[in-house]
Structure formats: C-alpha cells, structure tokens
There are 2 protein chains.
Amino acid sequence: MGAITKNAEAPGERAYRRIRTDILFGRLLPGQKLKLDRLKQDYGVSVSTLREILNRLASERLVLAEGQRGFDVTTVSVEDLREIAALRELLEIHALTESFAAGDDEWEANVVAAHHKLSLMEERMKSGDHSDTETWKRYDWLFHQALISACGSSTLMETHGGVFDKYLRYQMLALSYRGDVAAREHKQLLACALKRDAAKACKILREHIHGGVEHALATGTIG
Amino acid sequence: MGAITKNAEAPGERAYRRIRTDILFGRLLPGQKLKLDRLKQDYGVSVSTLREILNRLASERLVLAEGQRGFDVTTVSVEDLREIAALRELLEIHALTESFAAGDDEWEANVVAAHHKLSLMEERMKSGDHSDTETWKRYDWLFHQALISACGSSTLMETHGGVFDKYLRYQMLALSYRGDVAAREHKQLLACALKRDAAKACKILREHIHGGVEHALATGTIG
DNA sequence: TTATATGATAAAATCAATTTTACCTATTGA
DNA sequence: TCAATAGGTAAAATTGATTTTATCATATAA
C-alpha cells in the first residue's frame, strides 16, 4: 500500500511487497516467528536479501527485530490500536483541512475518480462478493490519499501512509465486514470535498476512524 | 538519537548508529553517493551488513535507495525543511498538550532532571565551548522527549522522534549557533511544564521551531 | 532439590564470492 | 555531425558458505 517503491521488477522488491502485504492482510500473524530458512523457501530469495527486507519492515514497525534472536511479526494490542487510530486521526484531520483549502480542479477530479473506483468495489462487496479484499482496501487507501493529496506536504502524506497501513492491519485482523457503514461515510466525505466543507469532513472522518476501532474491538480478535 | 535500538554491541548495530549520526551531523553530506566498497572500509563491516543498514536508513528516509543504482544520502531542500518543521510542530504540540494534562510527579522530576543536564551544557556552549555538539543535541532531544513523555502514546513519541532527527539534521547543516535563544526558550518551556500551562508552552514551542527554521534558512546553506 | 555449569544443536549474523545491472566510451552508419 | 549501438568496466544485487550467538538438555555441585 504505502510501501516505499524501488524497482518493482527486482526479486528483492517483489518479496518485500509480498511479505509486507502478507503481514498487513494477516497471512503472517502477529507474534509469529519469522525463521529465515522457512521464509527463504516461501518467498524464493536468499537469506541476505531476506534480511534486507526484514530490516526495512522492522524500521516500519511491522516486524520486531530483537537482539540476535531474529525476527517476529509485530504483536497487536488494544492499546496499540488506539494509539495508531489517534495518530491517524491527528495526521489525516490536519492534512484534510489543508487539502480542502488548497485543492484545485485537478484535485477535485482525482477525488471523484478515486471515489468512483472505490464505490464500484463497495457495491460489489455489498452484494456479497468478498473475493478481492486486497483491491478493495487499496482503493480505500487511494481514496483517503486523494482527499489529502493537496495538503502540500509529501512528508505528511508518507507519514500518514505508514500509520494508515498499521490501522489497516487491525481492520484485516478483525476480519468482520463493515463495508456498508464505511461506504456511506466515504460518500459523505466526497460530498464534503466538493463543497470544501472541511469542518464537516473532519467530523465524519473522526467517526469513520472511531467506528472502525470500536468495530474491530467488538470482534474480540485483537486483545 | 531516536534510532531503533537492538543489540548495541553487535558490529552491525554499531555501524548503523555511526552511519546514522554521521548523516544527522553532516559528516555524510546530502546527496552524497554511498559506495559500498568505500563504506565497507570506513565502517568495518561487510557489504551484506552494510546493505541491511542502508535499507533501514532508506526506510527512515535518511538515505535514498533508487532502482539498482545503490544508495545516496537524502538531499535537503527549503521545502522539505518547512514540511519537517510543520510536522514536528503538529506532533509535538499535540503530545505536549496531552502530556501536560496527564503528567504526574515522576514526570515532573524527569523534566526537571532533563532540563538540568541540558542547561549545564547550554552554559558551557554560551561560554564558547563548542567541542561536544553531539552531546548537547542529545540533551536537547532528551529534554523535548521528557516534556512529551506523559502523552500516553509510544507510537506518537516514536513518530515524533523520527521527525525530530530530520529536523536536527537541518540544524546541524546550517551549523550556525543559536544556543542562547534556544536556551531561553527551554527555560520557559520548563516553567510552563511546572505550571502545567499547555497553551503558553505551545506558543513558545511554535516560536522555538519557527525560529530554528528561519535561522537555518538565513545561513543560506540549505537551498 | 535447586542452582550453576557444560556441551550439543539450531538459528541468526556476518562474510566472501558470483551474478546481474547500469554506465561510460568508442565505433559505425546515416 | 549526430544518433544509435555494441563492448567493456565498475558497482550493485543476489547468492551460498562461514562464523557467531542463543537456546535447550543434561550433568554436576551446593
């Protein structure tokens, strides 16, 4: 999602993206030991390349690298989810406000386009087709990125991206569907964007994030 | 400074800290090519270990890793400095407010202690002894960390730490002394902390950061 | 029995060697 | 003269091999 992009063709880069999404989408579980020999087979790269990848992920806090004891997938907790959500809120609210104030026609068009793609996916989800959750979540991410894309700070957007991804992991671990509520909120955010109503957008975004947190916690799969 | 700590004795970890501080303190200059063979000699580790380190630093945005063309020290720009400063402000103001509201006696004692160490250093700097800038800046960092340490979110503190370090690099690149003004502001921040006057502390912090930015830009060594 | 030490094993960290990729130069053809 | 391309070189990326470290089981002493 918000991963740092180098050469997409390179084997190391491919493996990095695969491992990263596997963590984000819960195919590699929190706390799981990441043994090098095993991963080497699973992802088809050598130990050195693997270690480069795991060091990057450790730097992103998606993996824990302790002492000389190798690597684990970062654990989850209620406390951490609340911190992640609060930080996402702080960053996204701020960026949203700036973006609404500065966005031009080009920005508006991108927002509309991003919402359209997301909306199509959300319709499909609504009618029971949960086959491509990854694409759905990528579109979700792209819509939120589009909203804040006129904030004027790539540093802010990258930082937000990293936090957003960790938030996403919690949503995926809770793995219970909340698409209908989210879809409505997305529509409301779009409407606010077109009216440049930052205050209302912030209010909806706050509810959007808090709703996600409480929904995730209610499933009881986190703590 | 805010680097991720693993085993401090390990050769790879030692080299990581050295390279990181060399970037932060301008001994490795912005845009500089980081050739593996050269670094191997300079830091006494093998190419694989070196690549792990550079991948971590690339993930922190202190190093640029593009395509299959190796590694460069991240470049600097006026725009980037402004973004970094704005993000530091957003995070630190928020954390400060929370911390002032929640801090207990233990927290106050830590703040006083951190300021005392910094203050001693600042006196030394004032009287012309600029021999240990690194320790000075580490104490600066520790004081600001102490102020926000009761904010209740380690995620927020770590994110802030990363941004703070990039801000620090700009200060070091400008390499012109501003210790007297900063020292006065630090004293004011301490007084605010003891009175729990978050509003005034935020105001001073804003000036503290903006002052640093304008001072750095005035030297003409950034753009 | 408990604590400490010793040795074996498995895994991680580091190193050295190979393969691949990019970059520069020179040469050829338009 | 310029563009395009092929060849050679230097550096990066990846691999496989070696060294180091941690962990677990067993034995020995308090």
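A note on names: the letters A, B, ... follow the listed sequences, proteins ahead of strands, and every chain is numbered from 1.
Both tests hold for B:R56 against B:Y16: distance to the six-membered ring centre under 6.0 Å, angle to the ring axis within 45°.
For the pair B:R14 CZ and C:dA13 P, the computed distance is 18 Å after rounding to whole Å. In this entry the distance linking CG of B:L36 with C1' of C:dT14 reads 15 Å, nearest Å. Distance, A:L34 CG to C:dA13 P: 12 Å, rounded to whole Å. If you take CZ of A:R51 and C1' of C:dT14, they are 8 Å apart, rounded to a whole angstrom. The separation between B:Y16 atom OH and C:dA13 atom P is 15 Å, rounded to whole Å. For B:Q41 and D:dA11, the CD to P distance is 11 Å, given to the nearest whole Å. Nucleotide D:dA12 holds its P atom 7 Å from the CG atom of B:D37, rounded to whole Å. Distance, B:K35 NZ to D:dA13 C1': 17 Å, rounded to whole Å.
Considering only heavy atoms from C-beta on, A:L217 comes within 4.5 Å of A:R82 through its side chain. The side-chain heavy atoms of A:L50 and A:I19, taken from C-beta on, include a pair separated by under 4.5 Å. Side-chain contact between B:E92 and B:L147 is absent, with no heavy atoms from C-beta onward closer than 4.5 Å.
The six-membered or imidazole ring of B:W141 lies away from that of B:Y167, with a centre-to-centre distance of 6.0 Å or more.
Remark: B:T49 is in phosphate contact with C:dC15, judged by side-chain N or O atoms under 4.0 Å from OP1 or OP2.
Side-chain atoms of A:Q68 lie closest to D:dA22 of the nucleotides D:dA22, C:dT21, D:dA11. If you check C:dA11, D:dT14, C:dA13 against the side chain of A:K33, the one that comes closest is C:dA11. Picking from C:dA13, D:dA12, C:dC23 the nucleotide with the shortest atom distance to the side chain of B:R69 gives C:dC23. Distances from the side chain of B:V45 to the nucleotides C:dT21, C:dC15, D:dT15 place C:dC15 closest.
Take A:H144 and apply the ring pair (Phe, Tyr, Trp, His ring centres under 6.0 Å) test, not counting sequence neighbours, and it matches A:F164, A:H186, A:H208.
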Restricting both atoms to N or O, compile the protein contacts to nucleotides 16-18 of chain C shorter than 3.5 Å, with distance only.
| from | atom 1 | to | atom 2 | distance (Å) |
| --- | --- | --- | --- | --- |
| C:dA16 | N6 | B:S48 | OG | 3.1 |

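Considering B:R169, B:Q32, B:K166 in turn, B:R169 is the only one that fulfils the side chain to side chain contact (heavy atoms under 4.5 Å, CB included) rule with B:T74.
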